[in-house]
Amino acid sequence: MVITSASNSKVLLVRKLQDKKYRNRFKQYCIEGVRLYQEALRFGKKPLEVFVKQSLSDKLNIDGATVVEDNVFDKMSDTVSSQGLIAVLPIEDNDTVASGNCLVLDSLQDPGNVGTLLRTACATGFDTVYLYRCVDVYSPKCVRSAMSAHFAINLVTVDDFDVLKQRISNCRVVCADMDGKDVSQFQYNEPIALVLGNEGNGIGDYFNEISDDVVSLSMKNNLESLNVAVAGSILMYILGGKQ
């Protein structure tokens with residue numbers, strides 16, 4: 001069977017999942033591309049649905065996949081140059097309390113920044129990321145930017161600061177700020193929660209009550225600051241290697 005109508009219920013669901021409102025309602029999100037699909041399987045994720053473009057179905061040869069006529073598939077895709085594969089995955093509820101190094105993102109709004117930070121967290125052993133009032137971590141751009149990190153680490157979306165405090169209570173809270181001390185001055189023998197703030201406003205004042213240290217990166221040429229994804233990635237490599 002080949003789906004040939006853009007009004008097919010499965011097609012309509014995939015299109016709806018491009019919208020945060022429906023991702024929240026159905027607790028599902030989409031991934032696109034062969035590599036992301038293979039990575040999802042490698043990390044033990046089980047797609048709810050897999051769709052392949054009709055003209056590529058023989059080449060992709062995925063058992064159980066639903067074949068979709070090319071022009072209909074293009075309406076389902078969120079990318080300009082689709083690889084011909086879309087999978088729907090469940091959004092899993094996660095209430096992890098950090099026991100190792102974790103990353104806390106405070107009000108970040110750029111999905112590319114968030115995705116990059118997830119990828120670096122995955123690479124540096126910060127295996128839980130708390131997203132406090134951030135952009136939707138399951139948005140298509142964020143998923144693409146993270147390049148499979150969604151499947152490998154704990155992602156915890158939190159809107160209540162008291163809940164966040166409890167989740168990171170086992171960690172030393174280390175906030176990143178331009179006015180902090182050079183990160184090279186610190187050595188840790190305990191799990192840390194590295195806090196990164198909003199692209200324009202930095203970390204909210206509410207973190208003052210739980211912050212143990214404030215760190216910064218030394219910079220030459222009187223630079224004002226670095227992009228949060230760049231600065232956060234550098235800090236994760238430095239702090240992760242200090243333990």
Side-chain angles (χ1 to χ4, degrees), residues 1-94 96 105 108-123 127 129 131 134-157 229:
M1 175 183 173
V2 179
I3 292 179
T4 60
S5 171
S7 61
N8 179 280
S9 59
K10 292 185 176 182
V11 174
L12 293 176
L13 174 61
V14 170
R15 295 182 68 179
K16 285 181 177 179
L17 292 178
Q18 294 178 15
D19 188 318
K20 177 182 178 180
K21 175 177 68 175
Y22 292 106
R23 290 194 293 272
N24 289 340
R25 178 184 298 180
F26 298 118
K27 295 291 185 181
Q28 298 174 13
Y29 71 107
C30 293
I31 61 173
E32 290 199 45
V34 175
R35 182 177 177 182
L36 264 184
Y37 173 71
Q38 292 173 338
E39 285 290 280
L41 297 182
R42 182 168 76 88
F43 284 103
K45 303 302 179 182
K46 297 181 179 180
L48 302 171
E49 295 273 3
V50 181
F51 302 93
V52 295
K53 198 170 187 175
Q54 186 173 18
S55 59
L56 297 172
S57 59
D58 290 339
K59 178 181 178 181
L60 295 175
N61 191 28
I62 296 176
D63 290 339
T66 299
V67 178
V68 182
E69 190 176 76
D70 284 22
N71 66 329
V72 177
F73 186 94
D74 289 341
K75 294 177 181 178
M76 298 167 66
S77 174
D78 185 65
T79 61
V80 176
S81 300
S82 171
Q83 294 182 31
L85 186 153
I86 297 171
V88 179
L89 274 69
I91 294 176
E92 301 168 357
D93 291 330
N94 196 320
T96 298
L105 303 182
L108 268 67
Q109 297 305 309
D110 186 306
N113 284 338
V114 172
T116 298
L117 288 165
L118 297 188
R119 183 69 169 169
T120 307
C122 184
D127 54 13
V129 178
L131 299 115
C134 290
V135 67
D136 182 17
V137 72
Y138 295 102
S139 70
K141 184 175 180 180
C142 187
V143 171
R144 288 195 296 271
S145 298
M147 297 175 63
S148 80
H150 283 71
F151 316 136
I153 57 180
N154 297 311
L155 300 177
V156 185
T157 299

**Request:** Please step through side-chain contact (heavy atoms from CB on, under 4.5 Å) for the pair L117 and V129, ending with a clear verdict.
**Result:** CA-CA 9 Å; L117 288 165; V129 178; over 6 Å; no
**Request:** Go through L89 and F151 one step at a time and tell me if the side-chain contact (heavy atoms from CB on, under 4.5 Å) criterion holds.
**Result:** CA-CA 10 Å; L89 274 69; F151 316 136; 3.8 Å; yes
**Item:** Chi angles and distances behind the side-chain contact (heavy atoms from CB on, under 4.5 Å) call for L60, Q83
**Value:** CA-CA 10 Å; L60 295 175; Q83 294 182 31; over 6 Å; no
**Message:** Is there a side-chain contact (heavy atoms from CB on, under 4.5 Å) between I31 and L85? Walk through the geometry before answering.
**Reply:** CA-CA 8 Å; I31 61 173; L85 186 153; 5.7 Å; no
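Considering all non-hydrogen atoms of both residues, V143 and L36 come closest at CG1-CD1, 4.1 Å. The two atoms that bring L12 and S7 nearest to each other are CD1-O, 3.4 Å, heavy atoms only. Closest of all the heavy-atom pairs between I62 and V50 is CG2-CG1, 4.3 Å. For the residue pair C142 and V114, the shortest heavy atom distance occurs at SG-CG1, 3.6 Å. Between C122 and A149, the shortest heavy-atom distance links the atoms CB-CB, 4.1 Å. What you find for G112 and S145 is that their closest heavy atoms are CA-OG, 3.6 Å.
Rounding to the nearest 0.5 angstrom, the gap separating the CG atom in L41 from the CD atom in E39 is 9.5 Å. To the nearest 0.5 Å, atom CG of residue N113 and atom CG of residue L118 are 11.0 Å apart. To the nearest 0.5 Å, atom CG of residue N61 and atom CG of residue L56 are 12.5 Å apart. Rounded to the nearest 0.5 Å, atoms CG (L131) and CG (L105) are 5.0 Å apart. A distance of 13.5 Å separates OG in S5 from NZ in K10, rounded to the nearest 0.5 Å.
Considering R23, K21, K141, K20 as possible partners of D136, the one that fulfils the side-chain hydrogen bond (donor to acceptor under 3.5 Å, both in side chains) test is R23. Screening V14, L48, I91 for a side-chain contact (heavy atoms from CB on, under 4.5 Å) with Q28, the sole residue that qualifies is L48.
Looking at heavy atoms from C-beta onward, V137 lies in side-chain contact with H150 at the 4.5 angstrom threshold.
Distance alone, capped at 3.5 Å, places no donor-acceptor pair between the S139 side chain and the V135 backbone. Side-chain atoms of Q18 come within 3.5 Å of backbone N or O of M76 as a donor-acceptor pair.
Evaluation of the ring pair (Phe, Tyr, Trp, His ring centres under 6.0 Å) test over residues 18-41, restricted to residues two or more places apart or in two chains, returns Y29-Y138.
A salt bridge links D78 with R144: the closest approach of a Lys/Arg side-chain nitrogen to an acidic carboxylate oxygen falls below 4.0 angstrom.
Side-chain N/O atoms of S148 and R35 include no donor and acceptor closer than 3.5 Å.
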Kindly list each side-chain donor-acceptor pair under 3.5 angstrom involving residues 67-75, sequence neighbours excluded, with atom names and distances?
unit_1: D70; atom_1: OD1; unit_2: Q54; atom_2: N; d: 3.3
unit_1: D70; atom_1: OD1; unit_2: S55; atom_2: N; d: 3.0
unit_1: D70; atom_1: OD1; unit_2: S55; atom_2: OG; d: 3.4
unit_1: D70; atom_1: OD2; unit_2: S55; atom_2: OG; d: 2.8
unit_1: D74; atom_1: OD1; unit_2: K53; atom_2: NZ; d: 2.9

